[in-house]
4 protein chains.
Amino acid sequence: MLIESLRKEVLEANLEIVRRGLVMYTFGNASGYSPEDGLVAIKPSGVPFDKLRPGDMVVTDLDGKIVEGTLRPSSDLDTHLEIYRNFEGVLGVVHTHSTYAVAWAQARREIPCFGTTHADYFHGSVPVTEALDDGEIEEAYERNIGRAIVRRLEGIDPLTRPGILVASHGPFAWGTSAGKAAMNAVLLEEIARMAALTLGINAEAKAIGGALHDQHFLRKHGPGARYGQG
Amino acid sequence: MLIESLRKEVLEANLEIVRRGLVMYTFGNASGYSPEDGLVAIKPSGVPFDKLRPGDMVVTDLDGKIVEGTLRPSSDLDTHLEIYRNFEGVLGVVHTHSTYAVAWAQARREIPCFGTTHADYFHGSVPVTEALDDGEIEEAYERNIGRAIVRRLEGIDPLTRPGILVASHGPFAWGTSAGKAAMNAVLLEEIARMAALTLGINAEAKAIGGALHDQHFLRKHGPGARYGQG
Amino acid sequence: MLIESLRKEVLEANLEIVRRGLVMYTFGNASGYSPEDGLVAIKPSGVPFDKLRPGDMVVTDLDGKIVEGTLRPSSDLDTHLEIYRNFEGVLGVVHTHSTYAVAWAQARREIPCFGTTHADYFHGSVPVTEALDDGEIEEAYERNIGRAIVRRLEGIDPLTRPGILVASHGPFAWGTSAGKAAMNAVLLEEIARMAALTLGINAEAKAIGGALHDQHFLRKHGPGARYGQG
Amino acid sequence: MLIESLRKEVLEANLEIVRRGLVMYTFGNASGYSPEDGLVAIKPSGVPFDKLRPGDMVVTDLDGKIVEGTLRPSSDLDTHLEIYRNFEGVLGVVHTHSTYAVAWAQARREIPCFGTTHADYFHGSVPVTEALDDGEIEEAYERNIGRAIVRRLEGIDPLTRPGILVASHGPFAWGTSAGKAAMNAVLLEEIARMAALTLGINAEAKAIGGALHDQHFLRKHGPGARYGQG
């Protein structure tokens, strides 16, 4: 992919999470990965969204070495990179502090699959990472967040769980492009909101059964998908 | 009714549920039924709302055979058809994943009639369907949702309960036109929100009595209605 | 007051409750009273707010006899009239189905004065009416709602409690003009929202003491008021 | 600082808290302090925000003596002054009745640091003042609120806790300028909202540990900060 296109797509994903109300001030970032080039484009750190231009996106290699760009990359870059290095097929990552997803992350509770809106996009609960220990926090913190994410999804196809809650922090979402990652971040916030309200109505609410879960996930994903214009 | 008018009305109902905030992305659909022709017009599957034109509405007969249109119909078509085949006088159906109605559906709780906003539009609680069994989920899923809806309302005039919660899924609403169905979907969401907040304030809140319920429902509906400009 | 001015002010109050998000569809109404003429202007029943013009306001005397206007008045007219006939100094009344105030009305709980936002406008809790009995519901329903309001405030200066929750229904607010009544309806909704959230954080939250309550109410109201530009 | 600039900055901070949805009607005020001149500029009392001009800001000395301006200052002036007199480095103060922060203040609960959004801006919980006694309420009320704030933060660098909840009332926030104070008021509201939702999901949620708290606070504040473009 041309770096120019990647930058534009990444900028657009950053703007999308603002438009959808997931971001206040500069609390969020989107990146995209081009596997042919081995390059990642990411939002610069602490720059207001309304001032961002494609050329402000910082381009690095998978080790975080800056290849193009004069600004400092998002402080969460190392988390994004750890995800790209480990999750086959993931070409976009988004991090936000969206309100309801943060609330679940702070509650340190997985989001059970209470219904079909969830099942349409997540094949299973929305997982929560383990807490980091003090050593992991004090040294290489952002990379260790990435490692905790990767560890939690061990043995799971990350495209069937396109997001996670980092304990006491907030959501990361991903997908097959920066735009899809942004969409998954939006969906995760709505799923988190619906689930919180569900518990408020019925504290004993139960996750749905496997047949219903599969029916929904598989009608939107994989070879048998039959949703949309095909 | 001219098919052309039906399509326009159905498009308008689809746009209304977006404007009222019931829909994110493509998660919702409205249809309308013309009994003289035996034809149904419905939103196409997975097409963004802001791109819809009247000619995109898919027209089918009551068995789901496409009569006009080049796009695939909403994947929920079979649920809409089951409703039209069984509910006398229902000429419009709307399905959404609106947040509070979904929360009640996920909680698998009927919405008790806690007050007059509810009583003005639903003569009784807002019902929830029984869960489908695995066989019903795996084969003819959408039609079986329709059957569960019809079963739950057996012996009830569907125009006195113009909506239902499909268990672990979300709301369907209906009415004497696509536009009325959209309005009932909006009202159902607000009723669901008020009821969730009521429980948060008083977990022991009780449904209102029959005299108050009748007074409100009947002042807006039926031969004795005295609301509006008459 | 010229009837022409009263109509304009009443129209403006009706539009204000829409702009402030208290009203969906036609669920709300504002009226104003001119004691010199003994006349009341009120919103017509079931007319969409965006079509209202000053000349659509229906003018009646205090017994509800229509003096000017070709439309039917709001079905809640008799409640408004009962308030004007009994509450000295009240020249505006507003009824809405605003979400949080309805939730408290449906919960059938008074809103305790949990803090100074409340104390700035209500000198005491926000009261709830007693439920009507079946006879009161079946005959002269709207007038009986007004009577229940008046009964609940017996011995209380209505301008120190400029609103009430009608049990299982929703709020009525009032003031020294239609505009002030609209403002009190907005404040009541916000007070109801804050109080519901307060209970969610601390189910044992207590009403504030008398000294703090007086300090706030009296700095905004009455002869010693020292808020604003005086 | 030129008084002219201070006034503009204070006006802008007042408008910012409106734009961010923290304020209804005239329920909020921002001020700024210029230590070189010993002067404070503050919003006038009870003037609608949309009519404010820089010249309307009231300029006083640290004892509250009006130096410039023809309007009455905000009734909360004495609280602002008490903060400036006692909190070294604080050059801006904002008071609002934002909904979630008020709910915590009314619940009279400190906001525990449940996650990193909070830790990024508050080094510790968001404190609540002690209730004032009747004497403190009846005499020099606003100044006594300021004293309760100062007392509660005794021994704490106020720039590491840039806000507080006044018991049964609402939030005050501050910072190194009026604009920063406004931003801290916005963040406090969001932190309060996230924390309330966290408790709704898990009533046993616990504050985060010291290592995570420090990592976040110190990456945005102090000599080792590495967030933004540095």
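Chain identifiers are assigned alphabetically (A, B, ...) following the order of the sequence lines, protein sequences preceding nucleic acid strands; residue numbering begins at 1 within each chain.
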Ranking B/Gly200, B/Ala203, B/Gly115, B/Ala205 by heavy-atom pairs under 4.5 Å to chain C gives rank one to B/Gly115
Interchain contact, B/Leu212 with chain C, by part (heavy-atom threshold 4.5 Å): both
Please classify the contact between C/Thr26 and chain B as side chain, backbone, both or neither, with a heavy-atom cut-off of under 4.5 Å. both
Is the shortest side-chain N to carboxylate O distance from B/Glu12 to B/Arg19 below 4.0 Å? yes
Taking the basic N atoms (NZ, or NE/NH1/NH2) and the acidic carboxylate oxygens, is any pair closer than 4.0 Å for C/Arg151 and C/Glu154? no
Determine whether the side chains of B/Glu190 and C/Thr99 contain a donor N or O and an acceptor N or O closer than 3.5 Å. yes
Answer with yes or no after comparing the ring centroid distance for B/His95 and B/His80 against a 6.0 Å cut-off, counting only values under it. no
Any donor-acceptor pair under 3.5 Å linking the side-chain atoms of B/His216 with those of C/Tyr141? yes
Top of C/Gly46, C/Ala195, C/Ala103 for chain B proximity - count of heavy-atom pairs under 4.5 angstrom: C/Ala103
Answer yes or no: is there a side-chain heavy-atom contact under 4.5 Å between B/Pro48 and B/Lys51? yes
Answer with side chain, backbone, both or neither: which region of C/Leu199 has an atom nearer than 4.5 Å to a non-hydrogen atom of chain B? side chain
Tell me, for C/Val47 versus chain B, whether the close heavy atoms (under 4.5 Å) come from the side chain, the backbone, both or neither. side chain
So, the part of B/His118 with a heavy atom under 4.5 Å from chain C: the answer is neither
C/Arg108 versus chain B, the contacting section by heavy-atom distance below 4.5 Å: neither
Contact class of B/Asp120 relative to chain C, heavy atoms under 4.5 angstrom: side chain
One thing to verify: whether B/Arg219 and C/Glu142 come together as a salt bridge, which I'm taking to mean a side-chain N less than 4.0 angstrom from a carboxylate O. yes
